[in-house]
Amino acid sequence: RMLIQYQIRIFVQRSASVSPSPLRSCHRRLLSPRMASPPPPAPAAAAAHSVFVYGTLMAEEVVRVLLGRVPPSSPALLPNHQRLSIRGRVYPAILPVDGSKVPGKVWQGITDRELDVLDIFEDEEYVRETVGISLADSADMIAYAYIWGNVDDPDLYGEWDFDEWKKVHLKDYITMTQDFREELEQLESETHD
């Protein structure tokens, strides 16, 4: 618990500084599975990023809690990757696999601060990488994606099903995300006092 609070304090301090440097590594969260907090509104000059999502972040309800808004999105495919279930977790992983495609969506207009929140939200076992994706209109683009770091993980198995996850886990997942958001907001207010 103390490690998470320390990591969140670092995030808050970096976000409040004049020239914040984005968090580049993933962090373990206090509550499981993944959760984070929305940032305050970003300045107009903030960079805009695209992030390909393929699991729980495809749910607008989760993103609304996480970022405090629902950014524009489009259906997308990530070629040469496979989405897998992770034993003991309700969210998936993706790994490079030639010839496979992962359906998902791309969130566009993500600010630097929101990207920091997503980095905190993702488990330390994920690595943010730049990937090429295909949009539904056949256009290609570059986006970030969170790739599972351990290609030999014995806990990866079978295909993860988004529709099944929504039916079984969405409500509890939103509640956990809201709890984490409240804790992060509390830590932000303590840091700014």
Side-chain angles (χ1 to χ4, degrees), residues 22-29 32-36 46-67 69-170 173-174 177:
L23 298 174
R24 301 302 293 180
S25 63
C26 301
H27 301 282
R28 188 160 294 284
R29 294 155 322 275
S32 263
R34 304 186 255 200
M35 290 162 274
H49 305 279
S50 296
V51 178
F52 175 79
V53 296
Y54 53 86
T56 60
L57 291 177
M58 290 194 305
E60 289 185 2
E61 303 92 330
V62 172
V63 173
R64 184 175 291 110
V65 171
L66 185 63
L67 301 181
R69 70 182 186 106
V70 178
S73 68
S74 300
L77 285 174
L78 176 61
N80 297 315
H81 285 76
Q82 182 179 4
R83 180 172 57 192
L84 300 160
S85 295
I86 309 168
R87 196 171 328 283
R89 304 183 198 194
V90 300
Y91 50 87
I94 57 173
L95 289 176
V97 175
D98 285 340
S100 293
K101 293 180 182 176
V102 175
K105 67 169 60 172
V106 59
W107 293 110
Q108 298 172 324
I110 300 295
T111 66
D112 289 340
R113 181 94 191 259
E114 290 169 334
L115 192 60
D116 287 346
V117 169
L118 292 171
D119 284 345
I120 292 170
F121 185 73
E122 293 296 338
D123 195 282
E124 67 187 7
E125 293 160 310
Y126 291 90
V127 177
R128 179 169 30 110
E129 295 183 13
T130 302
V131 297
I133 59 173
S134 299
L135 302 179
D137 65 4
S138 300
D140 292 334
M141 69 179 291
I142 301 297
Y144 289 121
Y146 292 92
I147 312 294
W148 196 250
N150 182 359
V151 296
D152 298 318
D153 191 330
D155 290 330
L156 300 179
Y157 70 97
E159 180 69 22
W160 185 84
D161 186 303
F162 178 68
D163 293 326
E164 180 68 17
W165 172 83
K166 279 186 82 167
K167 284 189 262 184
V168 176
H169 299 289
L170 178 61
Y173 202 84
I174 289 171
T177 304

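All of these numbers come straight from a predicted model, not from anything done at the bench.
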Practice problem: Kindly compute the distance separating CD1 (I147) from NE2 (H81), expressed to the nearest 0.5 Å. | Solution: 4.0 Å
Quiz item: Is a side-chain N or O of N80 found less than 3.5 angstrom from the main chain of G99, in a donor-acceptor match?
Solution: yes
Quiz item: Any side-chain heavy atom of N150 within less than 4.5 Å of one from E125?
Solution: no
Quiz item: What's the shortest heavy-atom distance between G55 and P92, and which atoms?
Solution: CA-CG, 3.6 Å
Practice problem: Determine the minimum heavy-atom distance between G109 and R69, stating which atoms define it. | Solution: O-NH2, 2.7 Å
Quiz item: After noting the C-alpha distance and the side-chain angles of R128 and L118, does the key distance pass the side-chain contact (heavy atoms from CB on, under 4.5 Å) rule?
Solution: CA-CA 10 Å; R128 179 169 30 110; L118 292 171; over 6 Å; no
Quiz prompt | Exam field: side chain Y54 to backbone Y146, donor-acceptor pair closer than 3.5 Å | solution = yes
Practice problem: Answer whether the closest heavy-atom distance between the side chains of P75 and K105 falls below 4.5 Å. | Solution: no
Practice problem: Search all heavy atoms of P79 against all heavy atoms of K101 and return the closest pair with its distance. | Solution: CA-CG, 4.2 Å
Quiz item: Once the angle between the rings of H49 and Y144 is folded into 0 to 90°, is it parallel (under 30°), tilted (30 to 60°) or perpendicular (over 60°)?
Solution: tilted
Quiz item: Under 4.5 Å between any side-chain heavy atoms of V62 and I174, yes or no?
Solution: yes
Self-check item: T56 side, atom OG1; F121 side, atom CZ - distance, nearest 0.5 Å
Solution: 5.0 Å
Practice problem: Supply the atom-to-atom distance Y126 OH to I94 CD1, rounded to the nearest 0.5 angstrom. | Solution: 8.5 Å
Atom pairs and distances, donor-acceptor, side-chain atoms in residues 151-159, under 3.5 Å, two or more places apart:
unit_1	atom_1	unit_2	atom_2	d
D153	OD1	D155	N	2.7
D153	OD2	W148	NE1	3.0
E159	OE2	R83	NE	3.4

Practice problem: Mind checking the OG-CD spacing from S85 to E164? Nearest 0.5 Å is all I need. | Solution: 10.0 Å
Quiz item: Should the pair F162 and W165 be assigned to parallel (<30°), tilted (30 to 60°) or perpendicular (>60°) ring geometry?
Solution: parallel
Self-check item: Given L57, L77, L78, I142, the one that forms side-chain contact (heavy atoms from CB on, under 4.5 Å) with F52
Solution: L78
Quiz prompt | Separation of E60 CD from S73 OG (nearest 0.5 Å) | solution = 6.0 Å
Self-check item: Minimal non-hydrogen separation, I110 against E114, with atom names
Solution: CA-OE1, 3.5 Å
